[in-house]
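Data first, discussion second: the structure below is written as structure tokens.
Below, read A as the first sequence line, B as the second, and so on, with proteins coming before strands; counting in each chain starts at 1. Any value given below was found using the heavy atoms of this structure, including those in side chains, with hydrogens, waters and symmetry copies removed.
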2 protein chains.
Amino acid sequence: MSEEGRKSVSSHNLADFLGVNAWQIRKDFSYFGAFGTPGVGYNIEKLAKQVKKILKLDVIKKAALVGVGNLGSAVLAYPGFGIYDFSIAAAFDSDPKKIGRKKGYLTIEDSSKLRTLKRRRISLAIIAVPRESAQNTADTLVKAGVRGILNFSPCHITVPKKVKVITIDIAMDLARLPYYMPAN
Amino acid sequence: MSEEGRKSVSSHNLADFLGVNAWQIRKDFSYFGAFGTPGVGYNIEKLAKQVKKILKLDVIKKAALVGVGNLGSAVLAYPGFGIYDFSIAAAFDSDPKKIGRKKGYLTIEDSSKLRTLKRRRISLAIIAVPRESAQNTADTLVKAGVRGILNFSPCHITVPKKVKVITIDIAMDLARLPYYMPAN
DNA sequence: CTATGTGAATTTATTCACAGCA
DNA sequence: TGCTGTGAATAAATTCACATAG
């Protein structure tokens, strides 16, 4: 909306877009303070800034990718990170044939260099390695100071409480569909 | 647990595993009926069957993949579908260089053949095409009788009410991490 | 003695309705 | 007049506590 030159948006606009009710939008915002203008709506720039702050997206974050196979390559090519002010700042693999190769704007590094992440102030990582190596990779990442992990392996990963893991299990997401599909 | 030869599991076991409370497990199950044995717990085979039924996972489902790029290839190689009794039964691409090529156990078909899905009784699809073609692909899938779509493009897809779409936005999932990470 | 299943109590979330500001 | 922000009312989910079954 901001890119389209719009200046303000009402709770009703937002509600329609998201498929919820207007009062729900207002009530939710109100828990974090009052940042709208009665009779007008919410200033779009200001609202975006507030929401980013609430979601802790107000500092630009760098993420490392571990595993540059098919899935990892797809992550590197993913066009959607910019909108959240994220960037993939490093890519690692353990395959000697890949190490040193360029992939987009990044050079693939040896997985044994993961410990440099702390020095480079990279605190997020994406795990796109085979299931067998997922837990090992996670352990190494935690030692390297990583505090948030996005895990694409279909397995449970154990980490210290200070670290947050979000696992994306493609099969499980596919399996959610039938529940919402009408019979026949 | 079943594969490990265990026969029964208590609400407390399950709760520990999932990180919730035992009464929550029992209450949730109770909404769908009573299928435990007091003093013993839940029969594992029976429970799995019940849960699959509740989640509409009791019939084996076939899914089609559209877009065999990096992400699509990763989906084909994904080892986790079996546990939900799912299989990828067809793969499509619009790139002439890919059509006809084998990819694992599947031969890549021309996207213009998507309409054969109805005849082949495939009612689920995974969209792994570039963002620009996502809506078009979805429209074609809906015409071909598909009722559930797993969308990997970072964009909103509009479909008739009878069709369920689940969108996985990798960037958004990554962006969820900072909220749960302690400061510094 | 152990573990389920469920009413009742409690807590939390949603919805309403409207006062008040631009 | 249009839209926000919020107390109050309603609805829903969670937690407790215990009767009951193996």
Side-chain angles (χ1 to χ4, degrees), chain A residues 1-58 156 161 164 166 172-173 175-176 178-180 182, chain B residues 1-58 156 161 164 166 172-173 175-176 178-180 182:
Chain A
M1 286 177 173
S2 180
E3 282 165 11
E4 286 167 7
R6 282 187 59 173
K7 291 297 172 209
S8 75
V9 60
S10 71
S11 55
H12 197 79
N13 295 156
L14 290 168
D16 284 350
F17 188 80
L18 294 171
V20 299
N21 302 103
W23 60 75
Q24 212 157 6
I25 299 277
R26 294 201 302 274
K27 179 61 103 179
D28 283 0
F29 284 167
S30 81
Y31 288 120
F32 297 97
F35 30 84
T37 312
V40 181
Y42 302 91
N43 177 284
I44 287 171
E45 294 284 0
K46 198 169 151 191
L47 181 61
K49 202 170 286 181
Q50 288 290 339
V51 172
K52 279 189 179 173
K53 197 173 176 182
I54 293 166
L55 300 177
K56 301 279 173 62
L57 295 174
D58 50 341
H156 184 75
K161 263 205 316 288
K164 173 72 180 179
I166 291 178
M172 188 185 285
D173 286 316
R176 287 173 54 206
Y179 184 79
Y180 299 100
Chain B
M1 286 178 174
S2 180
E3 281 164 12
E4 286 165 8
R6 283 188 58 175
K7 290 298 173 209
S8 74
V9 60
S10 72
S11 56
H12 196 79
N13 294 157
L14 289 168
D16 284 351
F17 188 80
L18 294 170
V20 299
N21 303 101
W23 58 74
Q24 212 157 5
I25 299 276
R26 294 201 302 276
K27 181 59 106 178
D28 283 1
F29 283 168
S30 80
Y31 288 120
F32 297 97
F35 29 85
T37 312
V40 182
Y42 302 90
N43 176 283
I44 287 172
E45 295 283 357
K46 197 170 150 191
L47 181 62
K49 203 169 286 181
Q50 287 290 338
V51 172
K52 279 188 179 174
K53 196 172 174 183
I54 292 166
L55 300 177
K56 302 277 173 63
L57 296 174
D58 49 343
H156 183 75
K161 264 206 312 289
K164 173 72 180 178
I166 292 180
M172 189 185 285
D173 286 315
R176 287 171 54 204
Y179 184 80
Y180 300 99

* Which residue lies more 5' along DNA chain C, comparing Asn21(A) with Gly39(A) via nearest heavy atoms ->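 Residue closer to the 5' terminus by nearest nucleotide: Asn21(A).
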* Asked: Taking all non-hydrogen atoms of both residues, which atom of Ser11(A) and which atom of Arg26(A) are closest, and how far apart?
  ->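 Scanning both residues completely, I find the closest heavy atoms to be OG-NH1, 3.2 Å.
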* Asked: Which atom names give the shortest non-hydrogen contact between Gln24(A) and Val20(A), and what distance separates them?
  ->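 Heavy atoms of Gln24(A) and Val20(A) come nearest at OE1-CB, 3.8 Å.
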Round to a whole Å and report the spacing from [atom1] of [X] to [atom2] of [N].
X	N	atom1	atom2	result
Ile25(A)	dG2(D)	CD1	C1'	17 Å
Leu47(B)	dT4(C)	CG	C1'	13 Å
Gln24(B)	dT10(C)	CD	C1'	14 Å

* Ser11(A) vs dC3(D): side-chain N/O to OP1/OP2 distance below 4.0 Å ->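 It does not, given that no N or O in the side chain of Ser11(A) lies less than 4.0 Å from OP1 or OP2 of dC3(D).
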* To do: Measure up the Phe29(B) and Phe35(B) rings against each other and bin them: parallel (under 30°), tilted (30 to 60°), perpendicular (over 60°).
  =>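 Judged by the thresholds at 30° and 60°, the geometry between Phe29(B) and Phe35(B) is tilted.
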Each nucleotide N or O in nucleotides 5-7 of chain C that has a protein N or O under 3.5 Å away: list the pair and distance.
from: dG5(C); atom 1: OP1; to: Phe35(B); atom 2: N; distance (Å): 3.1
from: dG5(C); atom 1: OP1; to: Gly36(B); atom 2: N; distance (Å): 2.7
from: dG5(C); atom 1: OP1; to: Gly36(B); atom 2: O; distance (Å): 3.4
from: dG5(C); atom 1: OP2; to: Tyr42(B); atom 2: OH; distance (Å): 3.0
from: dG5(C); atom 1: N7; to: Arg26(B); atom 2: NE; distance (Å): 2.9
from: dG5(C); atom 1: O6; to: Arg26(B); atom 2: NH2; distance (Å): 3.1

* Is there a donor-acceptor pair under 3.5 Å between the side chain of Asp28(B) and the backbone N or O of Ile25(B)? ->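 Checked: no pair found.
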* Asked: Within the distance-only criterion (no hydrogens, no angle test), does the side chain of Asn13(B) pair as donor or acceptor with the backbone N or O of Ser10(B) below 3.5 angstrom?
  ->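 A pair under 3.5 Å: yes.
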* **Inter-residue atom distance Tyr179(A).OH - Ile166(B).CD1, 0.5 Å rounding** =>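 Reported to 0.5 Å precision, the distance equals 12.0 Å.
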